[in-house]
Structure formats: structure tokens, C-alpha cells
Amino acid sequence: MRTLLPFSVLSSILLFFLFPLAAIGEDIRIMTFNIHIGIGMDQQLDLERIAETISNEQPDLVVLQEVDRFAERTQKTDQRSSLPL
């Protein structure tokens, strides 16, 4: 059984840490990225390529969607710990 933070709790945590930076005029680069379970337009599963794409953007905070963990469709890979960021 997996547990997820409710969106409101997660939002509150982010605001708690990010608001002080914004208040003093710091620029914050936030990136959201749906990695589609790691499969690119060429239908190849390549987590290294995704990590390179994220690194090239140099975000301060990254929010990822469709990251598999022990799912059959990705050969039960733990993408959360395998993504080389």
C-alpha cells in the first residue's frame, strides 16, 4: 500500500519554503514534467535522456508525473530511485 501526501498538504509545504524566497525577490525556477513512464517519442525507455533534459533546464524544483515504481509495464523498475538526478 502506498501513501501519498494530499495535494493541500504538499501545496502548503511548498508555499512554506518557496514564499520566503519570492518575498525577498529571488527567482525560483519550477519545472513540471510528465515523463510518460520514461518512454520518449521514439518509443524507447530512457531515464538518462529524461534526466539530461531536466538538467539542461536547470530548475530549482522539479515535479514529475507518471514515475513508475515496481509496475509491470516498466519491468518492475523503481524509477523514483533509478532516475539519475
Side-chain angles (χ1 to χ4, degrees):
M1 177 178 194
R2 65 181 165 175
T3 58
L4 299 174
L5 284 176
F7 183 73
S8 59
V9 173
L10 184 59
S11 298
S12 297
I13 292 169
L14 288 176
L15 287 174
F16 178 78
F17 288 105
L18 297 179
F19 184 74
L21 293 175
I24 60 173
E26 288 290 322
D27 290 333
I28 303 167
R29 293 178 52 91
I30 300 173
M31 178 181 190
T32 181
F33 191 3
N34 185 330
I35 70 167
H36 300 283
I37 67 170
I39 298 176
M41 298 291 288
D42 59 0
Q43 303 304 309
Q44 299 299 312
L45 190 141
D46 190 348
L47 295 177
E48 293 282 340
R49 177 173 51 189
I50 290 171
E52 183 179 323
T53 300
I54 294 169
S55 294
N56 288 343
E57 295 300 318
Q58 300 177 348
D60 296 311
L61 175 67
V62 180
V63 180
L64 300 176
Q65 294 88 41
E66 292 191 36
V67 180
D68 276 0
R69 189 164 189 230
F70 310 124
E72 291 288 336
R73 66 184 181 177
T74 52
Q75 296 78 43
K76 297 189 177 186
T77 304
D78 182 2
Q79 291 184 334
R80 185 179 70 177
S81 63
S82 299
L83 198 61
L85 291 176

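Just so it is clear, the structure is predicted and the values come from calculations on it, not from any experiment.
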**Message:** Which residues pass the side chain to side chain donor-acceptor pair (under 3.5 Å) test with R29, not counting sequence neighbours?
**Reply:** none
**Asked** With sequence neighbours left out, which residue pairs that include part of residues 34-45 fulfil the salt bridge (Lys or Arg N to Asp or Glu O under 4.0 Å) condition?
**Response** D42-R49
**Asked** Roughly how far apart are I50 CD1 and H36 NE2, rounded to 0.5 Å?
**Response** 9.0 Å
**Prompt:** Tell me, do I35 and Q79 make a side-chain contact under 4.5 Å, heavy atoms counted?
**Reply:** yes
**Complete:** The reported gap from CD1 in I37 to CG in L45 (rounded to nearest 0.5 angstrom) is 6.5 Å
**Request:** Quick one: pull up CG in L64 and OG1 in T32 and give me the separation to the nearest 0.5 Å.
**Result:** 7.5 Å
**Fill in**
All heavy atoms of S82 vs all of T77, minimum pair found to be OG-CG2, 3.7 Å
**Message:** Just to verify, what does Q58 make a side-chain contact (heavy atoms from CB on, under 4.5 Å) with, not counting sequence neighbours?
**Reply:** none
**Item:** N56: side-chain contact (heavy atoms from CB on, under 4.5 Å) partners, not counting sequence neighbours
**Value:** E52
**Request:** Go through the structure and list residues passing side-chain contact (heavy atoms from CB on, under 4.5 Å) with E72, not counting sequence neighbours.
**Result:** K76
**Request:** Sequence neighbours left out, what passes side-chain contact (heavy atoms from CB on, under 4.5 Å) with S81? Give chain and number order.
**Result:** D78
**Message:** If hydrophobic clusters are built by linking Ile, Leu, Val, Met, Phe, Trp and Tyr wherever their side-chain heavy atoms come under 4.5 Å apart, do V67 and V63 end up in the same one?
**Reply:** no
